[in-house]
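Here the structure is a predicted model, which means the values were calculated and not measured. Side-chain atoms are counted along with the backbone in the values below, which use heavy atoms only and exclude waters and symmetry mates.
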There are 2 protein chains.
Amino acid sequence: MATRRRSPARPERGRGAILAAARSLVLEGGASTLSLRAVAARAGYSPASLYEYFESREALLAVLAAEVIGRLAARFGRVPESLAPRARLLRLGSAYLGFARENPEDYLLLFGRMASQRRAPSEPLGSGNPFGVVVACVQSGIDGGAFCPRPGFGAEEMAYGFWALAHGMARLEAEHLAGYAADFESIDRLVLEAYVTGLERGAG
Amino acid sequence: MATRRRSPARPERGRGAILAAARSLVLEGGASTLSLRAVAARAGYSPASLYEYFESREALLAVLAAEVIGRLAARFGRVPESLAPRARLLRLGSAYLGFARENPEDYLLLFGRMASQRRAPSEPLGSGNPFGVVVACVQSGIDGGAFCPRPGFGAEEMAYGFWALAHGMARLEAEHLAGYAADFESIDRLVLEAYVTGLERGAG
DNA sequence: ACCTTGTGCCGAACAGTGTTCGGTGTCAAG
DNA sequence: CTTGACACCGAACACTGTTCGGCACAAGGT
């Protein structure tokens, strides 16, 4: 008898309903303009009731962001591990950029608020962390001799550059170049290739 | 008490005073939390009076952003044109990242609101436009045989990747990695070198 | 001197935001 | 029946950007 006593014909209620309402509003108008009153109205609550389920607006958005991270991580997980480091890295980059291109509001929601949990490069990365996947891929490229590390430019730094490159293109395209007439999918790939090529041979 | 007549001893009034107040508040707490009432109080005006000088809060921030662009462009102008394309490109990148590192609030103010004026790659870039400077530098590298273009990956695309790389690192460091213990100045340089190296030889 | 015009400025208000508080009504357990 | 917890909400608070009507004063024309 672990069931709710509320009328089962009703649409979902509670946390789930609020999150669904919030997510649909984010997709419609972006995270920055999301209003708690609008969320409450769509979910069938009063504004005050949202605080029974979430500590604050920021906490609500954090839950939404965590879901987005999960979807991005799942997309990373679909890139075969059997690929050679160079090919795998390029596929990871395209997965990242494709995700941002197909879900711009989700993507911006993700990076509008999250700060890294780490405070220093020595701290470990959570397993399944998308950035950690990139680091591991670069490391395997170094181990196999494909990538050429230099003093102060090891796997973490190489992966950081790759991440920043994908991140930079994704944000520019989502925020500043919306509606810009260009084939970003192929441009992004060529740009990523250039960077990875630069990892393969040390800077002359 | 109710002394509301002009006092010539006052430091400055009008647009200049408002912009100065707004800029100091941005440096203190960031652009996103800037309140017009706080600006008005610091500049010695009522909130309503700000609208005599600026159409809206957004318009005020746009003027501030234009000033920041000018400072960034000036920094780009200090990179010698006599340098070889590779060295010049790296210096431009370091200038960009150094500016963002030294003036994070200014930098975020810049990219928090501006969308590109261009709608297609064919449209010309304004002279003095920082991105245009990068494009020109890459073009000279192509002309001199230092950089190796490919189909669909010419000067604009190469420069776009470079810009996105610098932009991505600058934003990550300003927004998500504040307080992160790492020598970003040298990491950034090594990352930029890797990308430029990738431009020099086509992707194998 | 008067009257007009214009300028610079502000108080008050409007509509919106996130958030908190005090209180309902309903339900399960004692 | 009583108790207590829980879900929920109306109203308010302290903010935000913005608009409107009007006040005080300087200049110009007559």
**Q** From CG of A:L50 over to P of D:dC9, roughly how many Å is that when rounded to an integer?
**A** 9 Å

**Q** Starting from P on D:dA7, measure out to CD1 on A:I18 and report it in whole angstrom.
**A** 11 Å

**Q** Suppose the criterion is side chain to side chain donor-acceptor pair (under 3.5 Å): which pairs have a residue in residues 90-102 of chain B, not counting sequence neighbours?
**A** B:R75-B:E102, B:Y96-B:Y107, B:Y96-B:H167, B:R101-B:D188

**Q** Mind checking if A:L34 touches a base, just sugar-phosphate, or nothing, with heavy atoms under 4.0 Å?
**A** sugar-phosphate

**Q** For D:dC8, does either OP1 or OP2 sit under 4.0 Å from a side-chain N or O belonging to A:Y53?
**A** yes

**Q** Between P on D:dA7 and CZ on A:F54, what's the gap in Å once rounded to a whole number?
**A** 14 Å

**Q** Write down the distance between CD (B:E55) and C1' (D:dG17), rounded to a whole number of angstrom.
**A** 14 Å

**Q** Looking at D:dT18, D:dC9, C:dT19, which one has an atom nearest to any side-chain atom of B:R57?
**A** D:dT18

**Q** When you measure from the side chain of B:R15 to the backbone N and O of B:I18, does any donor-acceptor pair fall under 3.5 Å?
**A** no

**Q** A quick test of your reading: do over 12 heavy atoms of other residues, nucleotides or ligands sit less than 6.0 Å from CD of B:E28?
**A** yes

**Q** Take atom CZ of A:R15 and atom C1' of D:dA7, then tell me their distance rounded to the nearest Å.
**A** 16 Å

**Q** Round to the nearest Å and state the distance from A:R13 atom CZ to D:dA7 atom P.
**A** 11 Å

**Q** Check the phosphate of C:dG16 against A:S35, side-chain N and O only, distance under 4.0 Å to OP1 or OP2. Yes or no?
**A** no

**Q** In sequence, state the C-alpha distance, the side-chain angles, and the governing distance for A:E67 and A:R23, and then conclude on salt bridge (Lys or Arg N to Asp or Glu O under 4.0 Å).
**A** CA-CA 10 Å; A:E67 288 179 3; A:R23 180 162 150 69; 5.4 Å; no

**Q** Among D:dT18, C:dC10, C:dT19, find the nucleotide with the atom closest to the side chain of B:L36.
**A** D:dT18

**Q** Grab the OH-P distance between A:Y45 and D:dC6 for me, whole Å please.
**A** 15 Å

**Q** Test your reading of the model: is there a side-chain donor-acceptor pair from B:N103 to the backbone of B:D106, 3.5 Å cut-off?
**A** no

**Q** If the cut-off is 4.0 Å, is B:Y51 near the phosphate of D:dT19, judged by side-chain N/O to OP1 or OP2?
**A** no

**Q** For D:dG17, does the base pair up with any side-chain atom of B:R37 as donor and acceptor (N or O, under 3.5 Å, distance only)?
**A** yes

**Q** In whole Å, what is the span from the CD atom of B:E52 to the C1' atom of D:dC23?
**A** 13 Å

**Q** OP1 or OP2 of C:dC10 less than 4.0 angstrom from a side-chain nitrogen or oxygen of B:S46, does that happen here?
**A** yes

